[in-house]
Protein chains: 4
Amino acid sequence: MDEKDCPNSEHSTELEHLCSKAAGRPRSESARQAILVAADYLLARDGYGGVTMEAIAVTAGVSKATLYRWWPNKSAVLMEAFVAANGTCCAGPDTGDVGADMLRRMRGMTAAFAGAMGVTISGMIAEALADQEAAAVFRAQYLAPRRAEAVDALTRARKRGQIRAGADLEVAVDALYGAVYFRLLTGHGPLIPEFADALVETLLSGLREK
Amino acid sequence: MDEKDCPNSEHSTELEHLCSKAAGRPRSESARQAILVAADYLLARDGYGGVTMEAIAVTAGVSKATLYRWWPNKSAVLMEAFVAANGTCCAGPDTGDVGADMLRRMRGMTAAFAGAMGVTISGMIAEALADQEAAAVFRAQYLAPRRAEAVDALTRARKRGQIRAGADLEVAVDALYGAVYFRLLTGHGPLIPEFADALVETLLSGLREK
Amino acid sequence: MDEKDCPNSEHSTELEHLCSKAAGRPRSESARQAILVAADYLLARDGYGGVTMEAIAVTAGVSKATLYRWWPNKSAVLMEAFVAANGTCCAGPDTGDVGADMLRRMRGMTAAFAGAMGVTISGMIAEALADQEAAAVFRAQYLAPRRAEAVDALTRARKRGQIRAGADLEVAVDALYGAVYFRLLTGHGPLIPEFADALVETLLSGLREK
Amino acid sequence: MDEKDCPNSEHSTELEHLCSKAAGRPRSESARQAILVAADYLLARDGYGGVTMEAIAVTAGVSKATLYRWWPNKSAVLMEAFVAANGTCCAGPDTGDVGADMLRRMRGMTAAFAGAMGVTISGMIAEALADQEAAAVFRAQYLAPRRAEAVDALTRARKRGQIRAGADLEVAVDALYGAVYFRLLTGHGPLIPEFADALVETLLSGLREK
DNA sequence: TGATAACCGAGACGGTACGTCCCGTCTTGGG
DNA sequence: CCCAAGACGGGACGTACCGTCTCGGTTATCA
């Protein structure tokens with residue numbers, strides 16, 4: 001929210017007092033970490049609906065007041081815990097073969113979503129659907145990096161001439177990722193490697209008869 | 001659950017007592033309708049999380065016990081109300097031009113999801129994510145007919161030679177619909193007609209440079 | 001608060017429906033009794049400050065919601081429990097000797113206040129001091145009957161000619177009872193029989209030298 | 001608690017280091033005064049239960065730690081603030097007419113208790129009822145001087161022959177003061193001058209018919 | 001003239017009770 | 001057997017205050 005860090009403070013000597021070093025006892029970083037770890041653990045164990053603020057507090061060895069001091073409600077805690085645990089986005093190498101790279105990407109995604117990760121992320125999306133604030137965090141911290149990474153890969157492939165010039169890559173990524181999320185959320189079809197294969201093939205080749 | 005209807009009861013006279021015509025007062029159909037209407041109204045007004053069984057009962061002029069007599073829990077009532085209000089699936093004409101037909105379909109869908117329908121369906125999916133029973137109803141009553149209709153349309157086009165023989169139409173529909181749901185659920189991009197246009201074009205033409 | 005009983009209902013036949021018999025599940029009398037018993041028990045065991053709504057609910061085998069359905073807060077429950085347990089006011093016989101009767105009364109009172117009753121009643125007064133509502137209940141249900149009984153006894157004695165005509169008996173009772181409460185509340189002197197004796201003697205004889 | 005003053009330190013030169021003149025920054029007297037003033041103000045404004053340590057600290061421009069450094073808990077602060085503000089006991093002149101003097105005393109007391117002072121002192125007593133420590137302070141600092149003063153006045157009158165020899169003056173003062181406190185605490189009757197008049201008259205003349 | 005030690009503000013912390021809300025079940029009387 | 005009304009047990013929520021703690025910074029006195 002507000003800017004608290006002090007950039008380049010090593011260079012400023014006479015202005016140091018302006019950087020009002022936040023009087024009072026500083027926030028306990030260990031408590032923060034314990035809370036996020038506990039929330040992530042409970043999220044995986046009990047599912048979104050099963051997690052309780054009380055349980056997070058007890059598991060983290062923290063008072064409920066501390067939870068509410070730093071997060072406005074349950075969804076905020078869980079969302080931050082989720083992105084803290086799953087925020088990093090492993091890009092993977094660019095082999096030069098856009099089809100193979102994309103296939104690897106989608107296979108990894110379907111495999112992850114088919115496992116424990118699937119129920120967790122379902123819960124997070126369900127929460128994002130009901131809480132604007134949580135949705136923003138989820139988008140910015142989790143979704144955006146992954147989409148950007150995929151769009152980048154396609155853009156590089158287009159520069160290499162592997163993808164036709166006019167293609168809307170943003171939309172293409174929506175179609176690829178959307179299909180997987182669609183199956184995850186609605187469960188109408190299995191999240192198996194063959195699905196990933198067919199999806200990539202469909203997007204690359206298109207439906208129209210030449 | 002239990003079998004209540006009494007087939008051919010008009011022919012059996014001496015066995016009438018066996019076919020226990022549900023002695024006592026029959027279920028009030030007006031109450032059922034009032035409940036579904038109230039649930040749908042509240043769902044649109046307050047969103048899934050904001051709806052209360054108490055509120056449904058009061059709005060419908062019905063007692064809470066009546067709700068629980070016929071539905072096992074909140075999500076069951078809301079899901080049935082939702083499919084009752086949005087269950088019918090308007091197929092639309094098959095003009096012979098698969099691109100135009102698909103475009104019409106996706107434009108209608110994006111327009112609907114961009115409006116009040118969007119928050120309602122978000123809520124239903126959120127619930128489906130947490131309740132297996134509700135998920136099954138949602139899939140069977142709402143999702144399946146729409147997917148089937150779209151797959152059918154593509155299949156007819158393939159028979160007409162407009163779509164290449166090897167295409168996996170199930171996966172193609174997942175990609176089309178999934179992209180729209182993806183934007184609805186995560187809100188990372190707008191649900192505008194241009195999105196529908198680009199989506200159909202991407203799917204039909206594919207990404208690969210020929 | 002509102003009038004719910006139906007006086008003379010045995011005489012009205014055609015107006016019976018007006019006496020709207022309180023539709024819905026009636027209040028559980030057993031729960032009410034259990035609550036009052038539990039509250040009284042905890043009050044004696046833990047003192048006013050030590051009693052918890054949670055504890056009352058658990059001890060009574062009742063949900064916290066039921067407590068708050070019928071009483072607005074802790075002090076209301078405890079006050080009602082207190083007067084339910086200590087409400088009845090044993091008058092004692094009128095022997096014809098006002099001095100002896102009054103002495104018996106004050107000795108009983110000091111003895112009671114010197115024991116466990118003392119801490120309980122201290123707590124109730126402390127609460128009454130902080131809660132107007134509780135104060136009204138305490139006055140009307142506990143204090144008033146006792147004062148009235150004492151004033152009546154003095155009035156009868158005055159009619160018998162044992163007490164001078166001009167004496168303000170209300171004020172006299174305040175002085176008698178007030179002295180005992182004063183010692184209870186401030187603890188500056190012991191609540192022993194001799195104190196009761198001296199008090200009655202002082203009030204009867206007065207201070208002035210004749 | 002611990003002995004901090006250093007009597008006769010001006011005479012001891014070689015032992016000065018034993019009487020460690022509390023090295024370091026001394027206690028801030030201004031903070032102490034600000035706290036007591038703030039506590040007294042809040043006590044009058046919000047009543048005992050409404051006062052918060054946090055509020056005292058903020059109002060006094062002092063940290064909560066400073067409060068707890070010098071007082072063990074809330075009641076200790078408020079009690080000290082109360083006696084600091086109301087500790088001095090104005091004796092009033094001894095006119096030689098015990099009746100008139102006592103009347104003046106009781107009228108002043110009823111008038112004070114009928115005003116803002118009433119709620120404050122109620123709160124202090126309520127607290128004293130729940131906290132042994134606070135009770136001792138209240139008795140010793142507030143109550144005792146006033147009782148002693150009244151007993152002294154009566155004793156002088158007895159020496160003058162205005163009060164009969166056998167009267168128990170301690171008990172008489174309890175009856176006088178107790179009656180006023182009784183009305184204050186239970187609120188069953190008004191604290192008006194006429195009450196003071198009747199009270200003094202009752203105590204002086206007694207109830208018994210001669 | 002520092003050094004030292006206790007002071008001070010700010011405010012985060014664990015803990016505990018509060019009072020509210022909703023769920024899904026039940027118990028009435030009446031149709 | 002159904003229905004409206006509404007009380008019930010259960011349990012999570014978010015708030016408030018208590019009394020403790022840990023920071024950085026501030027003064028008096030002692031060395």
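So that the names make sense, note that chain A is the first sequence line, chain B the second, and so on, each numbered from 1.
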A/E29 CD to F/dC23 P, in whole Å, measures 13 Å

Here the residues of residues 35-56 of chain A within 4.0 Å heavy-atom distance, strictly under, of DNA chain F are A/T52, A/M53, A/E54

Could you tabulate the donor-acceptor pairs under 3.5 Å formed by side-chain atoms of residues 71-79 of chain C, not counting sequence neighbours?
residue: C/W71; atom: NE1; partner: C/E80; partner atom: OE1; Å: 2.9
residue: C/N73; atom: OD1; partner: C/S75; partner atom: N; Å: 3.4
residue: C/N73; atom: OD1; partner: C/S75; partner atom: OG; Å: 3.1
residue: C/N73; atom: OD1; partner: C/A76; partner atom: N; Å: 3.1
residue: C/K74; atom: NZ; partner: C/V51; partner atom: O; Å: 2.9
residue: C/S75; atom: OG; partner: C/D131; partner atom: OD2; Å: 2.6

In whole angstroms, the gap separating P of F/dC18 from CD of D/E127 amounts to 11 Å

Sorted by chain and number, sequence neighbours left out, ring-ring contact (aromatic ring centres under 6.0 Å, His included) with C/Y48 holds for none

What pairs of donor and acceptor atoms, side-chain ones from residues 59-68 of chain D against any protein atom, are under 3.5 angstrom apart with sequence neighbours left out?
residue: D/T59; atom: OG1; partner: D/A55; partner atom: O; Å: 2.7
residue: D/S63; atom: OG; partner: D/A65; partner atom: N; Å: 3.2
residue: D/S63; atom: OG; partner: D/T66; partner atom: N; Å: 3.3
residue: D/S63; atom: OG; partner: D/T66; partner atom: OG1; Å: 3.4

Under a 4.0 Å heavy-atom cutoff, the residues of residues 60-72 of chain A touching DNA chain F are A/K64, A/Y68

Residues passing the side chain to side chain donor-acceptor pair (under 3.5 Å) test with C/E29, sequence neighbours excluded, are C/R32, C/Q33

Atom CZ of A/R32 and atom P of E/dC13 are separated, to the nearest Å, by 11 Å

Taken in chain and number order and not counting sequence neighbours, the residues that satisfy side chain to side chain contact (heavy atoms under 4.5 Å, CB included) with D/S28 are D/S30, D/A31

For A/R45, the side chain to side chain donor-acceptor pair (under 3.5 Å) test, sequence neighbours excluded, returns A/Y41

Side chain C/R25 and base E/dC26 donor-acceptor under 3.5 Å: yes

**Study point:** Short side-chain N/O contact from B/K74 to OP1 or OP2 of E/dG24, under 4.0 Å
**Key:** no

With sequence neighbours left out, the residues meeting side chain to side chain donor-acceptor pair (under 3.5 Å) with C/R27 are none

Distance col, row B/D40:CG vs B/T120:OG1, nearest 0.5 angstrom, shows 7.0 Å

